[in-house]
Amino acid sequence: PLSLYRSSLALLTDLYQLTMAFGYWKSGMLDREASFYMSYRYNPFEGGFSIACGLSHVIELVRGFRFEGEDIAYLAELRGNDDAPLFEKRFLEYLSDMRLTCDIDAMPEGTVAFPHEPLIRISGPIAQCQILESAVLNMINFQTLIATKAARVCIAAQGDAVLEFGLRRAQGVDGALAASRASYIGGCAGTSNVLAGRLFGIPVRGTHAHSWIMCFDSEPEAFQAYAEAMPNNCVFLVDTYNTLEGVRRAIEAGHALRERGHEMLGIRLDSGDLAYLSIEARKLLDAAGFEKAIIVASNDLDERIIASLKSQGATICVWGVGTKLATAYDQPAMGGVYKLAAVRRPGSEWEYKVKLSEQAIKTSTPGIQQVRRFSTEHEYVADAIYDDLRPMSDGCTIIDPMDITRRKVISAGTSHVDLLVPITRAGKIVYEQPSLDETRSYVQDQLGRFHRGVKRFVNPHQYPVGLEQNLYELKNELVLKARGL
């Protein structure tokens, strides 16, 4: 996907990442290692979970990462406020020769995640970790947001097919492509975006628009012409003039198709009272012998509207969701952050770091972080964030970092899996990516193992996530020390 732009995206970073890298170089700190992690503080859409997504793009970023000649030439042109070059020539030579040697661990795409958990951990030379920050946040924040929205929409659809129709309203070319990909991972059955279909192998869907109908002298003529042109792709859009009359005319076209040995797939509703119109349309279709014809609905849908229509008995079985999915309409950004958790001098042990804040939720967590998910035979029960260098005992206690009174004891012998898996070692990719369809299935398998309260839209259940007790105590110790207490 990144080849849509250029072979390397090394300049997809904020300037302050490069000024800090220059500072590390100038200060003789390039031999220091660092460990950063990306997490988020609140579930999007006031929901109970998120779906980690975007790792594939990060892997492609790493695979092709290098500062090319044109990149270096551009950086050489940048000036400070004294009109002198911003970067020294020898530093630019260092960038030109730099190849990534970081270790990256991450949640596989499609993993159900929760606040405070590291979605990705990057350890290695401090300047490299710093330069990667902005691009990693860009890729994972947006796709996680869209995959989560898609999962919520699909939950509302209760097993009905959901199609992503957001290309025309998405935030630019990359926003459209990334949204189509993330939507498919989140559970959508297909997309209208043909380029996304080619690049990612996502099924593409679509028939005709109102403009097709309006180009003919009458609606029956338009339906007949489309049926003759594409007899194997007929979902007729029926609301250009009078919706129920349009259904009757689609039925006439459907009978004509049958006489030619083809079958009408269904109709699409794009406006009006979708619950009432779908119920009435279903009656007309069934009475005419088109019991298998589907009813597709579009028109600024989202998970709450779909849930409402389902509760009203709407007979819609395919949902075309565009603007509010591809743009994450009611939450424009994910809010993921990238924090330093430890540094190490050559030949020394890791020194754990913590960032303070007057807001407890913005105080960072130290350590080489990992997430362990515990489960019973049928259901996930809790997640523990722990320090990878201090292995947990078989049984443990987790403590909510935002509420010391919220604790959960995990019994010894409880089944578990660690969520962050190796992606690169010394800059080399060691992770075998699953197919997009495997990732999509992984999402559904996981969601099926969480209590349904976690997935509801209003006041969702708060799934137990906490710092393992030793990490919690270490964090408090570092916070008190930093405050001089």
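Since the structure is predicted, the reported quantities are computational estimates derived from the model, not experimental observations.
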Discussion item. For Ile316 and Val296: C-alpha separation, side-chain torsions, deciding distance, then whether side-chain contact (heavy atoms from CB on, under 4.5 Å) applies.
Written reply: CA-CA 6 Å; Ile316 298 157; Val296 183; over 6 Å; no
Glu164 meets the side chain to side chain donor-acceptor pair (under 3.5 Å) criterion, sequence neighbours left out, with Ser180, Thr191
Would you find more than 12 non-hydrogen atoms of other residues, nucleotides or ligands less than 6.0 Å from Tyr241 atom OH?
yes
Side chains of Lys408 and Pro464: closer than 4.5 Å at any heavy-atom pair? yes
For the pair Thr148 (side chain) and Ile51 (backbone), establish whether a donor and an acceptor sit closer than 3.5 Å, ignoring hydrogens and angles. yes
Original post:
Is a side-chain donor or acceptor of Ser35 paired with a backbone partner of Ala341 at a separation under 3.5 angstrom?
Top reply: no
Minimal heavy-atom distance between Ala113 and Tyr40, with the atoms involved, is O-OH, 3.0 Å
(request) Would you check, one step at a time, whether the test side chain to side chain donor-acceptor pair (under 3.5 Å) holds for Ser134 with Asp14? (result) CA-CA 6 Å; Ser134 299; Asp14 290 304; 2.7 Å; yes
Exercise for review: Measure from the ring center of Tyr329 to the ring center of Phe45 and say whether it is less than 6.0 Å.
Suggested key: no
Spell out, as yes or no, whether a donor-acceptor pair under 3.5 Å connects the side chain of Lys355 to the backbone of Leu340. no
All heavy atoms of Ala297 vs all of Leu274, minimum pair found to be CB-CD1, 4.3 Å
### Message
Check Arg372 with Glu468, please: is the shortest side-chain N to carboxylate O separation under 4.0 Å?
### Response
no
Correct closest heavy-atom pair for Asn43 and Ser50 would be OD1-N, 3.9 Å
**OP:** Salt-bridge test for Asp445 and Arg440: reply yes if a basic N is under 4.0 Å from a carboxylate O, no otherwise.
**Re:** no
Do Ser435 and Asp437 have side-chain atoms, one donor and one acceptor, less than 3.5 Å apart?
no
Query raised in the report: Under the 3.5 angstrom rule, does the side chain of Ser357 hit a backbone N or O of Ala360 as a donor-acceptor pair?
Result: no
(Q) Please check this pair: side chain of Asp302 against backbone of Lys324, looking for a donor-acceptor N/O pair closer than 3.5 Å. (A) no
Are any of the side-chain nitrogens in Asp239 or Arg268 under 4.0 Å away from the carboxylate oxygens of its partner?
no
Exercise. So, Phe450 versus Tyr463, ring centres under 6.0 angstrom or not?
Worked result: yes
Count the heavy atoms belonging to other residues, nucleotides or ligands that lie under 6.0 Å from CZ of Arg41, then report whether that count exceeds 12. yes
Between Ala253 and Phe223, the two heavy atoms sitting closest are CB-CB, 3.9 Å
- For residues His451 and Glu379, is any side-chain donor paired with an opposing acceptor at under 3.5 Å? no
Q) Is the number of heavy atoms from other residues, nucleotides or ligands within 6.0 Å of CZ (Phe216) greater than 12? A) yes
- Using only heavy-atom distances, determine whether the side chains of Asn470 and Tyr386 contain a donor-acceptor pair under 3.5 Å. no
Looking at Asp330 and Lys149, does any basic side-chain N land under 4.0 Å from a carboxylate oxygen?
yes
Contacts of Lys310 meeting side chain to side chain contact (heavy atoms under 4.5 Å, CB included) (sequence neighbours excluded), chain-then-number -> Gln158, Asp160, Ile306, Trp319
Main chain of Leu55, side chain of Glu109: is a donor-acceptor contact present, judged purely on distance under 3.5 Å? yes
Q. Between Tyr442 and Thr111, is a side chain to side chain donor-acceptor pair (under 3.5 Å) present by the stated rule, with each step listed?
A. CA-CA 8 Å; Tyr442 176 56; Thr111 301; 3.2 Å; yes
Worked check of side-chain contact (heavy atoms from CB on, under 4.5 Å) between Gln143 and Ile146
CA-CA 5 Å; Gln143 291 198 49; Ile146 300 302; 5.8 Å; no
| request: Could you tell me whether Arg249 and Glu219 have a side-chain N and a carboxylate O separated by less than 4.0 Å? | output: yes
- Exercise: do Thr315 and Arg282 side chains pair donor with acceptor under 3.5 Å: no
- Message: So does Arg304 get a backbone contact from the side chain of Ser308, meaning a donor-acceptor N/O pair under 3.5 Å?
- Response: no
*asked:* Go through it in stages, so that I can follow the logic: the residues are Thr207 and Phe236, the test is side-chain contact (heavy atoms from CB on, under 4.5 Å), and I'd like the CA-CA distance, side-chain angles, deciding distance and then a yes or no.
replied: CA-CA 8 Å; Thr207 56; Phe236 297 113; over 6 Å; no
Between Ile120 and Ala106 the two heavy atoms that sit nearest each other are CG1-CB, 3.8 Å
**Message:** Whether the side chain of Glu117 engages the backbone of Phe114 through a donor-acceptor N/O pair (distance < 3.5 Å, no angle test) should be reported.
**Reply:** yes
State, without any angle test, whether Glu46 and Asn459 hold a side-chain donor-acceptor pair at a distance under 3.5 Å.
-> no
Would you say the side-chain atoms of Gln130 and Glu133 include a donor-acceptor pair closer than 3.5 Å?
-> yes
Taking every heavy atom of Ala176 against every heavy atom of Asn193, the minimum-distance pair comes out as O-ND2, 3.7 Å
- Task: Taking the six-membered ring for Trp and the full ring for Phe, Tyr or His, determine whether the centres of Phe290 and His255 are under 6.0 Å apart.
- Result: yes
Please report, to 0.1 Å, the donor-acceptor pairs under 3.5 Å made by any side chain of residues 194-204, with sequence neighbours excluded.
none

